[in-house]
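Here's the structure, in structure tokens; my notes come after.
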Amino acid sequence: MDRQSSHSSLQTIAVVGLGTMGSGIAEVLARAGHEVIGIDISEAAARRASASLEAATARSVSRELLTEQERTDVLARFRTFGDLGAAAAADLVIEVVPESYEVKQQVFRELDAVVRPDTILATGTNALSVTRLAAESQRPERVLGLHFFNPAPAMKLVEVVSSVLTAPTAVEAVTALARALGKEPVSVGDRPGFVADGLLFGYLNQAAAMYESKYASREDIDAAMRLGCGLPMGPLALLDLIGVDTARTVLEAMYASSGDRLHAPAPILGHLAEAGLTGQKSGRGFYTYEGPGSSAVVRDPQTPADGGGAGGGRPVTSVGVAGSGTMASGIAQVFAQAGYAVVLAARSQEKAEAAKAAIGKSLGRAVSKGRLTEEAAAQTLDRITPAGSLDAFAEVDLAVEAVAEDLTVKQELFAALDKVCRPGAVLATTTSSLPVIAVARVTSRPQDVIGMHFFNPAPAMKLVEVVRTVLTADDVHATVREICVKVRKHPVDCGDRAGFIVNALLFPYLNNAIKMVEQHYASLDQIDAAMKLGGGYPMGPFELLDVVGLDVSLAIEKVLHKEFRDPGLAPSPLLEHLVAAGCLGRKTGRGFREYARR
């Protein structure tokens, strides 16, 4: 429904630049009752913006969200012009022209000569310095940043960026406007990328570098982040959507400001941009699309063959799972539900029985939610045999360990598996951060050892990172990929290096979020809100850190820092202090936030 703007002082608003973002912002404003002056030097862009508003409002009428009369009123409030003189009557001007100081400064110079002294000038930049744009304006106190996210009608986040020169009254006015539009404004200071893009682009850059190093395929990197972190899109697909050239521009600005190597654009971004392979808009970037502007991916020489190398594996009918914690019982449940005979071995018979009882409860919950029949749950539980020692693994075809994330503990366990398991059995570790080769080398058969990194909770999470070492045999790799598909998981291939795919991309992003708080740039709540609303993340970084556990997070960050030796990966002192103080997150009742003791 239309609603008159509650901030009447900003009734007439000019939008300069009617590309995708400008058109989206114009639609939001016109629907909310504002008079919108759309300005673009391209007549074609102006026509497209009008057509886009007509189509969007027609959809609203067909869904009974607007009446025909309301639609007519919205369309009447949007007028387009070809020059900046039309902004003379505006109370607020929002520019969303290309990301270039020259272009934006030219717009601001011309606006200075046209608008009233009290008109607020907002830049839609996500990478350039608002302070630098303001300093060159005749009235720097009225210049600020107003960063909407694409698509503007759907995305809730608006970053309100003030420079040291911005008048508080201007910030209050646009913040009130954003709220009246039904958006969530987050006030931030002026630095490249602000909050959401500042965290997002560092992560996207590392994903591009990971792909460039041929560590993993583009499909596996994207699937890993979607399935392992619940993200709406994988990083390489997202780079293609944003525009490879745009991402490179943002990263260049971030690197110039931070000097952090993690922000130095991966060379592949420059190579693609210079070749004109800028993503969806050009029809090709990391992926190939049906045509320029299409989001439909088509096959190209890099697309994996259908069936993904199925066949060639060893036969597996029985599985041993070592461990008694949440991960071990979750993995045992996954295999048993898929029809495998499972031996669940713990340090004692009692611990193994307790782990089986936990699986019984988990299956009971699935039955109560209607996801499983009573009969299927009973059959699953019957397939699990608890055992008090690894000797019970003598006949299994696949042994999976899910014990403590401690190299010595895992090496002792693999030395024992080497003695107990029959020749030809596949030995897998679920480590998330230790080198798989280090456990393989304690056995007499390193060719049979592989990493199978499940994600918690294993019954629900679809992803398994399949980690082969330089010594892993081809048929062992094929066996594990086939089994993943049989237990209805999505396998992604990665080499044996710290963090594999998910943690190597996730934890530097979490570390950078902590650094933002350390530098007093933004608060926990602002950062969590920005990433959920602006990045589509299911949880904000601090919510996630508290759930994962600050001690676990610190351990993974130390491993990444030690392996890659990048100063930008050094764990933040704030994380170290919290862990030293015993504030480990939800499990201790306090981490970045405090939690009620259950």
ask   = If only atom types and distance count, is the side chain of Asp496 paired as donor or acceptor with the main-chain N or O of Val470 below 3.5 Å?
value = no
Check: Lys562 main-chain N/O paired with Arg565 side-chain donor or acceptor under 3.5 Å = yes
query = Is the closest basic N to carboxylate O distance between Arg468 and Asp493 below 4.0 Å?
reply = no
ask   = Would a 4.5 Å heavy-atom cut-off, applied to side chains only, mark Thr246 and Phe201 as touching?
value = no
query = Roughly how far apart are Leu471 CG and Thr443 OG1, rounded to 0.5 Å?
reply = 9.0 Å
Cys229 and Leu506, any side-chain heavy atoms less than 4.5 Å apart = yes
inquiry  = Return the CZ to NZ distance between Phe335 and Lys486, rounded to the nearest 0.5 Å.
reply    = 11.0 Å
request  = Evaluate the criterion side-chain contact (heavy atoms from CB on, under 4.5 Å) for residue pair Val436 and Val449; output intermediate values, then yes/no.
outcome  = CA-CA 8 Å; Val436 177; Val449 179; 4.2 Å; yes
note = Note: Pro304 and Arg299 closest approach over all heavy atoms is O-NH2, 3.4 Å
key: Parallel, tilted or perpendicular: rings of His453 and Phe455 (30°, 60°)   = tilted
key: Check: Tyr509 side chain, Leu199 main-chain N or O, donor-acceptor pair, under 3.5 Å   = no
ask   = Between Asp448 (side chain) and Val476 (backbone), is there a donor-acceptor pair under 3.5 Å?
value = no
key: Gap separating the OG atom of Ser433 from the CD atom of Glu405, nearest 0.5 angstrom   = 4.0 Å
task = List the steps, then state whether side-chain contact (heavy atoms from CB on, under 4.5 Å) holds for Phe149 with Glu159.
result = CA-CA 9 Å; Phe149 286 73; Glu159 290 177 321; 3.6 Å; yes
query = Is the closest side-chain heavy-atom distance between Leu231 and Tyr203 below 4.5 Å?
reply = yes
ask   = For the residue pair Tyr255 and His263, what are the closest heavy atoms and their distance?
value = CB-O, 3.6 Å
ask   = Which heavy-atom pair separates Gln349 from Pro386 by the least distance, and what is that distance?
value = NE2-O, 3.3 Å
message = Going by side-chain contact (heavy atoms from CB on, under 4.5 Å), Tyr340 matches just one of Val316, Val334, Val321. Which one?
response = Val316
message = Would you compute the distance between atom CG of Leu363 and atom CD of Gln333 and round it to the nearest 0.5 angstrom?
response = 4.5 Å
key: side-chain hydrogen bond (donor to acceptor under 3.5 Å, both in side chains) pairs, two or more places apart, involving residues 365-378   = none
inquiry  = Can a donor-acceptor pair be found, under 3.5 Å and without considering hydrogens, that links the side chain of Asp551 to the backbone of Val579?
reply    = no
inquiry  = Whether the side chain of Glu518 engages the backbone of Leu574 through a donor-acceptor N/O pair (distance < 3.5 Å, no angle test) should be reported.
reply    = yes
query = Judged by atom type as modelled, is there a donor-acceptor pair below 3.5 Å linking the side chain of Arg445 to the main-chain atoms of Asp418?
reply = yes
request  = Answer whether the closest heavy-atom distance between the side chains of Val297 and Tyr289 falls below 4.5 Å.
outcome  = yes
key: Heavy-atom pair of closest approach, residues Val487 and Ala338   = CG1-CB, 3.7 Å
CA sep, side-chain torsions, deciding dist, call: Thr431, Val439, side-chain contact (heavy atoms from CB on, under 4.5 Å) = CA-CA 10 Å; Thr431 182; Val439 293; over 6 Å; no
Heavy-atom side-chain contact between Ser318 and Glu395 under 4.5 Å = no
ask   = Is Asn205 reaching over with its side chain to a backbone N or O of Leu262, donor-acceptor style, under 3.5 angstrom?
value = yes
ask   = Where is the tightest heavy-atom contact between Ala336 and Val342, given as atom of each residue plus distance?
value = N-CG2, 3.7 Å
ask   = Going through the checks in order, is the side-chain contact (heavy atoms from CB on, under 4.5 Å) test met by Tyr521 and Ile527?
value = CA-CA 10 Å; Tyr521 176 62; Ile527 295 171; over 6 Å; no
SB check Asp546 Arg590 (cutoff 4.0 Å) = no
ask   = Where the side chain of Lys356 meets the backbone of Ile384, is there a donor-acceptor pair that is under 3.5 Å apart?
value = yes
query = Got a donor-acceptor contact below 3.5 angstrom from the Ser348 side chain to the Gly388 backbone?
reply = no
query = So does Arg218 pair up with Asp240, basic N to acidic O under 4.0 Å?
reply = no
query = Side-chain contact, heavy-atom cut-off 4.5 Å: Leu390 with Lys419?
reply = no
query = Can you tell if the side chain of Tyr537 reaches within under 4.5 Å of the side chain of Asp528, non-hydrogen atoms only?
reply = no
task = Hey, could you give me the CG/CG distance between Leu554 and Leu545, rounded to the nearest 0.5 Å?
result = 10.5 Å
message = The test is side-chain hydrogen bond (donor to acceptor under 3.5 Å, both in side chains); show your working for Gln302 and Ser217 and say whether it passes.
response = CA-CA 9 Å; Gln302 289 184 54; Ser217 71; over 6 Å; no
message = If you define the side chain from C-beta out and look only at heavy atoms, does anything of Asp222 sit under 4.5 Å from Pro235?
response = yes
task = Please name the pair of heavy atoms, one in Leu272 and one in Gly285, separated by the smallest distance, quoted to 0.1 Å.
result = CD2-O, 4.0 Å
ask   = Would one find more than 12 heavy atoms of other residues, nucleotides or ligands at under 6.0 Å from atom CZ of Arg441?
value = no
query = What is the distance from atom OG1 of Thr429 to atom NZ of Lys410, rounded to the nearest 0.5 Å?
reply = 4.5 Å
